[in-house]
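Working notes, beginning with the structure itself.
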Amino acid sequence: MASIWLLQFPSLTFQHRVSSNGTSLLLHHRHCLSQRLNWIPPTPKRTFSMRAINDSMSSEEDNRTQNEVVDTANSTLVVDSKHPLTLFQESITSFPPVGFLMKNFPKNYFAMGLCITIAIMVVALRAYAERKSSQSHPGSVADLVRRGQLRSDRRGISRPLKYDDPFNNPLVKVGKSNSTVEMCGKQYRLAPVTLTEEQQAIHQKRRSRAYQWKRPTVFLKEGDSIPPDVDPDTIRWIPANHPFATTASDIDEDLAQNNVYQQRGVPFRIQAEHDALQRKLEALQKEEKLNNLFIDSRNAKDFQRPFKLNDKSEEPVEQGPINDSRVETKPTKPERVSNSSESNLSSEEMQQP
Amino acid sequence: MLSLQLFPSNPNPTFLNPSFKPLSNPQTLKSPNPYPKSRHAPISSVLQWNRKPELAGETPRVVVITSGKGGVGKTTTTANVGLSLARLGFFVVAIDADVGLRNLDLLLGLENRVNYTVVEVLNGDCRLDQALVRDKRWSNFELLCISKPRSKLPIGFGGKALVWLVDALKAREERSPDFILIDCPAGIDAGFITAITPANEAVLVTTPDITSLRDADRVTGLLECDGIRDIKMIVNRVRTDMIKGEDMMSVLDVQEMLGLPLLGVIPEDSEVIRSTNRGYPLVLNKPPTLAGLAFEQAAWRLVEQDSMKAVMVEEEPKKRGFFSFFGV
């Protein structure tokens with residue numbers, strides 16, 4: 001703040017006319033200050049006097065200025081318009097020290113400023129905290145995208161990368177002649193490529209002479225005979241201890257090709273496994289049925305209910321310790337009929353091929 | 001090191017992809033708002049801002065990325081160029097043709113999503129579309145692995161299988177790919193033969209050292225014997241400071257030895273290792289690294305079937321006079 005005032009001060013026009021009237025000087029000075037520096041003029045009780053040292057001032061005027069109420073904290077200011085250093089000193093000494101300002105200026109302004117600052121800080125902090133919480137909101141869809149469970153390009157929360165031209169990089173500065181480049185603090189020179197088409201052709205001829213190679217189409221293990229009408233250059237011998245020698249070529253090529261071209265439906269092996277499982281399940285179910293029928297016919301007595309007195313055709317209940325269990329398992333008439341029908345069925349199934 | 005493509009050298013770029021509509025003729029169009037003042041300072045360049053490359057050649061373009069020598073950056077190149085192409089709006093399928101050692105899924109961060117491979121497709125355990133892993137970052141990029149470790153394809157059968165694969169991908173009604181990139185394994189044996197079988201063009205990745213160059217030369221000879229004539233070169237892991245100090249061959253020296261057109265020059269960048277650790281290819285970095293920018297430029301040239309016309313050679317910085325402090 002002092003620097004600003006310092007800058008502004010040289011432009012002040014004191015117009016300190018050395019006049020016989022010292023008060024006009026005082027008033028004018030105060031007016032200039034209030035205009036330039038937006039300084040609230042002090043209360044009439046507190047005035048700053050400036051005593052212009054002038055030989056022409058009479059003693060009467062001196063006395064008049066001395067009678068004004070002056071704050072004792074200030075030192076007298078000697079106006080000397082000629083020397084800038086004195087102006088600088090004036091600027092420092094003319095303004096009251098900060099402590100004085102704090103004392104005398106209304107405390108309301110300071111408090112207001114403090115409150116405004118605190119309010120701004122609170123608003124800024126809240127905005128920052130809200131932004132932070134919205135970004136790292138736990139359990140949001142953004143977490144799913146982050147974990148790879150959701151595609152980010154379909155959601156509005158992610159912004160697609162904007163593609164920049166890699167040949168127009170602002171970090172790369174091209175010189176005016178387009179032959180020098182400055183990048184990352186280093187200087188580069190653009191050296192043109194000198195390879196011509198004739199040179200390329202020469203290299204191709206050189207390589208065709210140096211490297212004679214044919215794609216191998218026949219792979220033989222040790223001990224295999226060379227098939228007739230096969231270019232020996234296309235034969236490749238696999239050593240017996242080579243890991244690839246142990247892999248048997250038992251892949252059906254047609255089947256493999258069909259598998260690759262399949263676009264819809266269940267893959268071949270999965271379908272085959274599924275069919276095999278299905279058949280196995282059916283077979284198991286049949287076995288279970290047979291077993292269930294077999295158990296029923298044998299252990300039918302175990303599950304028979306106690307024989308009723310009014311039914312004379314039923315078998316008599318056996319006596320003994322086992323009787324209790326057997327009594328309960330004696331079948332009634334309808335059960336016997338159903339059992340007989342089941343046994344007929346099972347015998348029919350057994351006879352089926 | 002980066003290069004500037006000042007003028008597209010392809011005089012008659014063919015436009016074959018119906019889904020891609022260029023803004024207009026690249027030589028005459030001027031963008032309505034080329035440089036937003038808040039972001040970019042004006043750059044003295046004849047190029048447009050935010051243009052897209054024009055696809056040249058027949059689709060799908062089947063490109064094999066090979067080198068001969070291992071560890072020169074084939075897989076890194078495949079991942080970064082592939083994602084750059086996807087970002088440009090093309091449908092890309094990347095095939096990791098390394099039958100025994102699979103790495104491309106690691107570089108792309110998709111290792112936990114590879115459930116089926118081509119071996120399962122051949123055996124009938126799944127369909128081809130079930131074996132394709134779609135990248136969630138760019139849905140028009142898909143990965144296909146040949147096999148999991150410990151499984152092998154019989155020799156002589158792999159080449160046919162890859163040809164069927166390419167045909168099946170071409171025959172897809174939806175998402176028929178514009179580019180099929182095949183990451184070739186190191187060496188020149190069965191894996192190499194399998195990988196180059198369906199390819200129409202090749203990108204040879206090499207580093208500026210003599211061992212890599214000798215292998216690259218041999219591989220180029222084999223590719224030409226097999227009928228692949230469109231071969232371009234990417235020189236990887238270039239150290240401009242070592243070239244300046246004459247401790248490393250320059251890119252022009254490499255080109256003089258191999259006699260191949262240049263697709264790109266990739267500077268040595270430690271960000272490559274960090275991107276591998278993260279499973280996040282460095283072309284997706286914001287802001288882009290030097291190597292990422294170089295990969296993007298290489299992808300651009302691949303689309304337009306173009307090559308580099310100039311390379312950047314590091315020089316001593318200009319000595320500034322006394323008044324340079326004042327901007328004079």
Side-chain angles (χ1 to χ4, degrees), chain A residues 148 151-153 161 163-170 172-174 176 178 181 183-184 186-195 199-200 202-204 207-208 210-217 219 236 238 243-244 247-249 251 253 255-257 259-264 267-270 272, chain B residues 2 4-6 40-41 43-45 47-51 87-88 121-129 136 139 152 154-157 160-161 164-165 168 172 190 193 217-218 220-222 224-226 252 255 258-259 261-262 290 293 296-297 300 308-318:
Chain A
R151 283 168 55 168
S152 60
D153 58 342
L161 287 173
Y163 186 79
D164 295 330
D165 191 338
F167 297 100
N168 265 340
N169 187 4
V172 179
K173 290 164 193 158
V174 184
K176 285 177 188 174
N178 279 347
V181 177
M183 188 173 65
C184 300
K186 291 184 186 176
Q187 197 85 11
Y188 295 91
R189 173 179 58 86
L190 282 176
V193 160
T194 54
L195 184 77
Q199 285 172 340
Q200 267 185 274
I202 291 168
H203 276 283
Q204 280 173 3
R207 281 191 289 261
S208 65
Y211 308 113
Q212 303 285 338
W213 180 76
K214 281 187 186 172
R215 170 176 282 274
T217 52
F219 295 91
R236 183 68 63 85
I238 308 168
F244 288 140
T247 54
S249 55
I251 294 179
E253 286 193 14
L255 180 62
Q257 190 173 5
N259 290 337
V260 170
Y261 284 114
Q262 184 181 7
Q263 290 189 10
R264 283 179 192 83
F268 172 77
R269 188 176 272 188
I270 304 292
Chain B
L2 296 180
L4 292 179
Q5 185 184 6
L6 298 181
H40 302 287
I43 297 169
S44 58
S45 170
L47 299 173
Q48 305 163 45
W49 174 73
N50 215 11
R51 66 187 179 106
R87 222 157 60 142
L88 287 169
V121 175
L122 291 167
N123 291 336
D125 290 323
C126 69
R127 294 193 308 268
L128 177 59
D129 59 296
K136 287 185 165 47
S139 58
K152 308 177 197 86
I155 295 179
F157 182 69
K160 281 187 218 172
W164 297 334
L165 275 175
R172 284 206 297 180
I193 297 167
D217 191 57
R218 186 170 176 88
T220 310
L222 299 181
E224 286 170 348
C225 289
D226 203 41
L252 295 177
Q255 193 176 40
L258 290 179
L262 266 175
L290 289 180
L293 217 51
E296 283 200 47
Q297 293 181 358
W300 194 291
M308 286 173 71
K309 298 293 172 279
V311 297
M312 289 204 297
V313 179
E314 190 176 334
E315 280 194 327
E316 290 291 339
K318 242 193 308 185

Rounded to the nearest 0.5 Å, how far does CG of B/Asp129 lie from CD of A/Gln263? 8.0 Å

At what distance, to the nearest 0.5 angstrom, does CD1 of A/Ile202 lie from CG of A/Leu195? 10.0 Å

Note: vs chain B, highest number of non-hydrogen pairs under 4.5 angstrom among A/Lys214, A/Gln212, A/Gln200 is A/Gln200

Per-residue tally against chain B (heavy atom, under 4.5 Å) across A/Arg215, A/Gln204, A/Gln262 peaks at A/Arg215

Under 4.5 Å heavy-atom distance to chain A, tell me which part of B/Ile193 shows up: side chain, backbone, both or neither. both

Part of B/Gln255 within contact of chain A (heavy atom distance under 4.5 Å): both

Looking at every non-hydrogen atom in both residues, tell me the closest pair between [X] and [Y] and how far apart they are.
X: B/Leu128; Y: B/Val121; value: CA-CG2, 4.0 Å
X: A/Thr194; Y: A/Gln199; value: O-OE1, 3.2 Å
X: A/Glu253; Y: B/Trp164; value: O-CH2, 3.5 Å

Choice from B/Leu258, B/Leu252, B/Leu165 maximising heavy atom contacts with chain A below 4.5 Å: B/Leu258

Top residue by heavy-atom pair count (under 4.5 Å) with chain A, among B/Gly221, B/Gly259, B/Cys126? B/Gly259

Proximity breakdown for A/Ala191 and chain B, heavy-atom pairs closer than 4.5 Å: both

Is any side-chain heavy atom of A/Ser208 less than 4.5 Å from a side-chain heavy atom of B/Glu224? no

